[in-house]
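A quick write-up on the structure given underneath.
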Amino acid sequence: MTDPTAFLPPSPPSRWREGAVVATTFALCLLGGVVQVDDTLAPPAPAAYLVAALSCLPLPARHRAPLLALAATTACGLLVAPLDLLLTPLIIAPAVVAAHTVGLRAERRTATVALLASAGVLVVFTLLVESLSWPDVSRLGVVAAFPLVAGVLGHSTQNRRAYLAAVEERALRAERSRDSEARQRVAEERVRIARELHDLVAHQITLANAQATVAAHVLDSRPDQTRRSLEQLVETTADALDDLRATVGLLRQTGDAAASAEPAPGLSRLPTLLESFERAGLVVSVHQEGPARPLPPGVDLTAYRIIQEALTNVTKHAGDRTARVGLVWHRDRLVITVADDGDGARVAPGPSPADRSPGYGLIGMRERAAAVGGELSAGRRPEGGFLVSTQLPLPPARAGAAAYDPEGGDGS
């Protein structure tokens with residue numbers, strides 16, 4: 001393993017630190033020359049100065065070429081016995097320092113081979129040059145152990161640095177992942193809020209616009225109907241303001257919102273929804289096939305909102321004032337269709353303008369269907385008009401589940 005910063009020129013603090021390491025190693029190596037072959041102490045001989053100088057000379061390059069530095073310091077250690085110096089752990093201090101660097105920077109297999117070779121060369125060469133007693137052999141064992149221990153310590157330091165780097169990298173990735181997830185949650189929440197506001201506002205404003213249009217048309221000829229339309233317009237706008245006030249109030253809360261006393265809308269409120277469209281002049285017929293059963297809250301809300309948005313689009317865009325809602329209950333899915341006849345003009349098959357450039361209503365309906373695992377399609381019909389069709393997944397039917405009839409009968 002090579003340190004990518006090893007080839008860069010050291011900064012001034014690194015030079016000071018490197019100088020201190022080399023000076024300390026030189027002093028230790030020279031101190032090792034105090035012990036003579038006859039186990040007496042004497043001032044270092046000139047040969048000790050030579051060995052110390054030659055051994056410390058490769059040390060500054062050990063970061064760039066640790067194996068070469070170890071080989072050079074080991075070779076200098078081979079001069080100890082021929083120069084009548086005693087081979088001790090102190091006198092091979094430069095080789096020990098180089099061995100630590102090899103363990104720190106080289107791969108484990110390469111470092112192991114290099115360290116064993118260095119220790120073996122020192123011991124074998126000394127055995128060949130000198131005739132040693134048992135205490136001398138024990139001393140050689142200690143000498144051979146020092147480079148090996150230094151290499152192990154260097155490799156441990158390498159592993160610790162790699163572990164700390166990995167931990168730091170995981171922490172950085174986790175932080176980036178948290179930031180990404182937070183941004184994604186914010187984006188999803190913004191889309192959800194936009195979808196809810198669109199469903200609330202578009203429905204109420206469309207009804208209000210239809211009621212105001214009816215009042216404007218019959219203002220002179222039918223004052224009673226004008227009065228009813230205006231009264232309904234007041235109710236519709238009041239409901240819209242209440243819905244907006246409740247939604248904005250939830251958004252402004254800093255803590256967890258308290259559970260709403262009013263349940264989320266679902267197919268049980270479909271008759272009320274259809275009645276509001278009928279007051280705006282849209283005649284809606286409902287056809288149901290198959291036994292109905294209770295829906296999960298998410299699917300129930302999705303079904304309600306899709307019908308609401310589809311009928312809102314009919315009120316805004318269709319020339320015909322009639323619409324048909326179909327509810328087909330299968331074993332594993334609910335198929336909902338909302339169709340209108342439009343102006344009766346026949347349109348060639350193919351993608352409609354709404355499909356090519358969908359508005360927020362169609363986008364919201366598709367997102368709602370996809371959120372619960374369903375599918376939605378919308379487009380013009382060949383015979384005229386517009387059709388919205390969605391399939392929503394259903395849980396397995398339970399025995400004795402109460403059926404739901406949106407018209408209070410068997411379907412029409």
Side-chain angles (χ1 to χ4, degrees), residues 1-18 62-67 100-112 151-202 244 246-260 264 296-299 301-302 305-306 309 355-376 390 392-393:
M1 182 181 298
T2 303
D3 187 358
T5 63
F7 298 94
L8 299 177
S11 58
S14 298
R15 291 193 182 97
W16 283 106
R17 183 171 59 251
E18 191 65 25
R62 71 187 188 281
H63 297 293
R64 299 182 180 180
L67 296 177
H100 180 271
T101 305
V102 168
L104 180 64
R105 293 184 175 272
E107 295 181 356
R108 183 175 63 178
R109 181 177 301 177
T110 302
T112 301
V152 171
L153 293 177
H155 186 68
S156 300
T157 303
Q158 180 193 73
N159 289 339
R160 178 171 177 79
R161 289 180 180 177
Y163 171 76
L164 293 177
V167 170
E168 183 177 359
E169 177 63 22
R170 285 197 298 269
L172 291 176
R173 285 200 304 267
E175 184 177 357
R176 288 194 294 266
S177 177
R178 285 195 299 270
D179 293 342
S180 177
E181 291 176 359
R183 288 192 295 269
Q184 182 178 359
R185 287 196 296 269
V186 170
E188 292 175 352
E189 186 66 12
R190 289 177 61 184
V191 171
R192 188 190 68 82
I193 293 172
R195 188 165 55 235
E196 291 292 336
L197 287 176
H198 176 274
D199 291 344
L200 291 174
V201 175
L244 282 176
T247 303
V248 173
L250 288 176
L251 295 178
R252 293 178 62 89
Q253 289 182 1
T254 57
D256 294 336
S260 175
V299 177
L301 175 62
T302 298
R305 291 299 190 197
I306 288 177
E309 178 60 26
D355 284 335
R356 292 194 296 268
S357 179
Y360 291 118
L362 289 179
I363 293 175
M365 286 191 289
R366 288 194 176 99
E367 289 175 346
R368 285 187 180 278
V372 296
E375 299 177 353
L376 184 139
T390 183
L392 303 179

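Model, not experiment: these values are computed from the prediction.
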- [ ] I would like to know whether Ser156 and Arg160 meet side chain to side chain contact (heavy atoms under 4.5 Å, CB included); could you show each step before the answer?
- [x] CA-CA 6 Å; Ser156 300; Arg160 178 171 177 79; over 6 Å; no
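- Between Ile363 atom CD1 and Leu376 atom CG the span is 12.0 Å, to the nearest 0.5 Å.
- Taking CD of Glu367 as the start and OG1 of Thr302 as the end, the distance is 11.5 Å to the nearest 0.5 Å.
- Counting heavy atoms from C-beta outward, Glu181 and Ser177 have side chains that approach closer than 4.5 Å.
- For Ala106 against Ala111, the heavy-atom pair with the smallest separation is CB-CB, 4.2 Å.
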- [ ] Verify side chain to side chain contact (heavy atoms under 4.5 Å, CB included) between Glu309 and Arg368, making sure each step is shown before the conclusion.
- [x] CA-CA 11 Å; Glu309 178 60 26; Arg368 285 187 180 278; over 6 Å; no
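- Atoms NE2 and OG1, from His155 and Thr112 in turn, are 7.5 Å apart once rounded to the nearest 0.5 Å.
- Classification of Arg176 and Glu169 as a salt-bridged pair holds, one side-chain N sitting under 4.0 Å from a carboxylate O.
- Thr157 places a side-chain N or O within 3.5 Å of a backbone atom of Leu153 that can act as its donor or acceptor partner.
- Minimum heavy-atom separation, Ala369 to Ile306: CB-CD1, 4.3 Å.
- The structure places CZ of Arg178 at 10.5 Å from CZ of Arg185, a figure rounded to the nearest 0.5 Å.
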- [ ] Any chance you could lay out the side chain to side chain contact (heavy atoms under 4.5 Å, CB included) test for Glu375 and Leu392, step after step, and finish with the verdict?
- [x] CA-CA 7 Å; Glu375 299 177 353; Leu392 303 179; over 6 Å; no
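- Taking NE2 of His100 as the reference point, atom CD of Gln158 lies at 10.5 Å (rounded to 0.5 Å).
- Electrostatic pairing of Arg62 and Glu18 counts as a salt bridge here, judged by a charged N lying under 4.0 Å from a carboxylate O.
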Task: Step-by-step side chain to side chain contact (heavy atoms under 4.5 Å, CB included) determination, Thr101 to His63 - done: CA-CA 7 Å; Thr101 305; His63 297 293; 4.3 Å; yes
